[in-house]
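In what follows, a structure is listed as structure tokens, so that the remarks can point back to it.
Here is how names work: the chains are called A, B, and so on, in the same order as the sequence lines, proteins then strands, and each is numbered from 1.
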Number of protein chains: 2
Amino acid sequence: MVLCMDATPRLREQACFALYTASRAVIGLYRPLLDRLGLTYPQFLVLMALWESDGRTVTDLGDALQLDSGTVSPLLKRLEAAGFVERRRGSNGDERRVTVHLTESGAALESRGCEITQVVGGASGMSHDELIALRDKLNEFTQAIRTRETATE
Amino acid sequence: MVLCMDATPRLREQACFALYTASRAVIGLYRPLLDRLGLTYPQFLVLMALWESDGRTVTDLGDALQLDSGTVSPLLKRLEAAGFVERRRGSNGDERRVTVHLTESGAALESRGCEITQVVGGASGMSHDELIALRDKLNEFTQAIRTRETATE
DNA sequence: CACGATTGAGTTGTGCACAATTAAGTTGTG
DNA sequence: CACAACTTAATTGTGCACAACTCAATCGTG
């Protein structure tokens, strides 16, 4: 049990609120750029994961994005309807598994997608080194939280 | 136009993805704690804004949380249905404005809510000073992005 | 081999986010 | 005063997130 010594926690003083706001702000910056490709930010993340390594399973993609099948499945359905990926069930002899493969059209977005990440990075007002430091700090933060996830009383 | 010198942008190297993941992770840490109060994280943010200053308008709350009326209105409807706030239209002579007021029940959550922010801060694995530094860095980041929002080509 | 336990993907239901729109109320200007 | 421009909150529609669940396929053990 933690005693609350402070007065009212103020919104602007909360690190978690800053995180929540920053995350939405940067996705908002991606939005108009990704719109031209017909993608949302989570869809873009899936494509990034596939550009890195094509033919991954749904579970593997979920692990990479930290999303469960309830989020990933419909997301993949939309990406498939848009013609950017193709799903194949049982492609490795296990009829439960579905592997996801880039179409020509999905693979072709890679260079434009890469440009977009550069544009957004540039708009952050931070140097490359600062961005790396921030990223590492955030990953450290996420890691710490995940290890304590169920441990909070 | 920014040239893409790099190879495929890797998911784990992206600061924006780290931000997106960290934000969801910390909200996930709040979730079981807020569940006991019958609140979601955005609902908790609204209450924090009201504990800080009660009787704010919908627009004012939206500015504080960086959310538009399309998000805030239904959120307030649920908070009202749960008995934590009350909405009053035209309370200041302007029939367009709706002011939002804490009920006794909503005001009573403040100390338990404060405790929760402390618990979550403690689970971050960071010192108070580190958290403040991270928060300031994130707010700086958000500010930089907001000024460049429409300026990206 | 039988069969309970587990795995993998998908579905359902709720609650954000956000764009676009609506509708009522207010303000500014001629 | 008239009326167009603006403000304010709410609604509609789409797409995440996430919990809870379903169901088929596979695995582990006797």
Side-chain angles (χ1 to χ4, degrees), chain A residues 17 20-32 34-35 38-46 56-63 65-82 84-85 87-100 146 149-150, chain B residues 17 20-32 34-35 38-46 56-63 65-82 84-85 87-100 146 149-150:
Chain A
F17 177 62
Y20 164 75
T21 302
S23 173
R24 285 188 298 122
V26 70
I27 291 175
L29 191 55
Y30 267 106
R31 190 167 294 113
L34 290 176
D35 262 351
L39 293 172
T40 64
Y41 185 67
Q43 289 168 9
F44 182 60
L45 293 180
V46 168
R56 304 169 80 157
T57 64
V58 172
T59 301
D60 188 21
L61 285 171
D63 288 348
L65 274 57
Q66 295 290 321
L67 293 167
D68 67 7
S69 71
T71 300
V72 174
S73 282
L75 205 161
L76 289 173
K77 201 192 287 186
R78 285 183 284 270
L79 275 176
E80 188 167 41
F84 296 131
V85 305
R87 284 183 290 180
R88 297 185 203 135
R89 184 172 285 271
S91 63
N92 60 350
D94 187 337
E95 280 303 316
R96 291 172 304 182
R97 284 188 158 80
V98 169
T99 52
V100 184
R146 293 217 185 282
E149 215 154 35
T150 53
Chain B
F17 177 62
Y20 164 76
T21 302
S23 173
R24 285 188 299 122
V26 71
I27 291 175
L29 191 55
Y30 267 106
R31 190 168 294 113
L34 290 176
D35 262 350
L39 293 172
T40 64
Y41 185 68
Q43 289 168 10
F44 182 60
L45 293 179
V46 168
R56 302 169 82 157
T57 64
V58 173
T59 301
D60 188 23
L61 285 171
D63 287 348
L65 274 57
Q66 294 291 323
L67 294 168
D68 67 9
S69 70
T71 300
V72 174
S73 282
L75 206 162
L76 290 173
K77 202 192 286 186
R78 286 184 284 269
L79 275 176
E80 188 167 41
F84 296 131
V85 305
R87 284 183 291 179
R88 297 185 204 136
R89 184 173 284 273
S91 63
N92 60 351
D94 187 336
E95 279 302 315
R96 291 171 305 180
R97 284 186 157 83
V98 169
T99 53
V100 184
R146 293 216 184 283
E149 216 154 34
T150 51

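Looking at which nucleotide of DNA chain D each of T99(B) and D94(A) is closest to, the 5′-most match is held by T99(B). Both R89(B) and G28(B) lie close to DNA chain D; mapped to their nearest nucleotides by heavy-atom distance, the more 5′-ward contact belongs to R89(B).
Residue-level contact check: G62(B) touches neither bases nor backbone, having no heavy atom under 4.0 Å from any strand. Contact annotation for L75(B): backbone-only contact, meaning every heavy-atom pair under 4.0 Å involves sugar-phosphate atoms and none involves a base. The residue T71(B) sits close to a base: some heavy atom pair falls under 4.0 Å.
Pair assignment for dG15(C): dC16(D), on the basis of Watson-Crick or G-U wobble contacts that are both within less than 3.5 Å.
Taken from CG in L67(A) to OG in S73(A), the straight-line distance is 11.0 Å, to the nearest 0.5 Å. Considering CG of L61(B) and OG1 of T71(B), their distance stands at 12.5 Å, rounded to 0.5 Å. To the nearest 0.5 Å, the span separating CZ on R87(B) from OG1 on T99(B) amounts to 11.0 Å.
Distance D63(A) CG to dA17(D) C1': 16 Å, rounded to the nearest Å. The distance from atom OH of Y30(B) to atom C1' of dA17(D) is 19 Å, rounded to the nearest whole Å. Following rounding to the nearest Å, L65(B) (CG) and dC18(C) (C1') show an atom-to-atom distance of 15 Å. The interatomic distance linking D68(A) (CG) with dT22(D) (C1') rounds to 15 Å, in whole Å. The interatomic distance linking L34(B) (CG) with dT14(C) (P) rounds to 20 Å, in whole Å. R87(A) places its CZ atom 9 Å from the C1' atom of dG10(C), with the value rounded to the nearest Å. When the C1' atom of dT8(D) is taken as reference, atom CD of E95(B) falls 12 Å away, rounded to whole Å. Between the CG atom of L67(B) and the P atom of dA10(D) there is a distance of 14 Å, given to the nearest Å.
Taking every side-chain heavy atom of Q43(A) into account, dC16(D) is the closest of dC18(C), dC16(D), dA25(D). The side chain of K77(A) sits closest to dT11(C) out of dG10(C), dC16(D), dT11(C). Picking from dG15(C), dG15(D), dC18(C) the nucleotide with the shortest atom distance to the side chain of T40(B) gives dG15(C). The side chain of R31(A) sits closest to dA19(C) out of dG10(C), dC16(D), dA19(C).
Using bins of under 30°, 30° to 60° and over 60° for the plane-to-plane angle, the ring pair Y20(A)/Y41(B) lands in the perpendicular bin.
Remark: R24(B) is not in phosphate contact with dC16(D), judged by side-chain N or O atoms under 4.0 Å from OP1 or OP2. The side chain of Y20(A) contributes an N or O atom lying less than 4.0 Å from OP1 or OP2 of dA17(C). Look at R78(A) and you'll find a side-chain N or O under 4.0 angstrom from OP1 or OP2 of dC16(D).
Contact of R96(A) with dT7(C) (side chain to base): a donor-acceptor pair of N or O atoms is detected under 3.5 Å. Put simply, the side chain of R97(B) and the base of dT8(D) share no donor and acceptor less than 3.5 Å apart.
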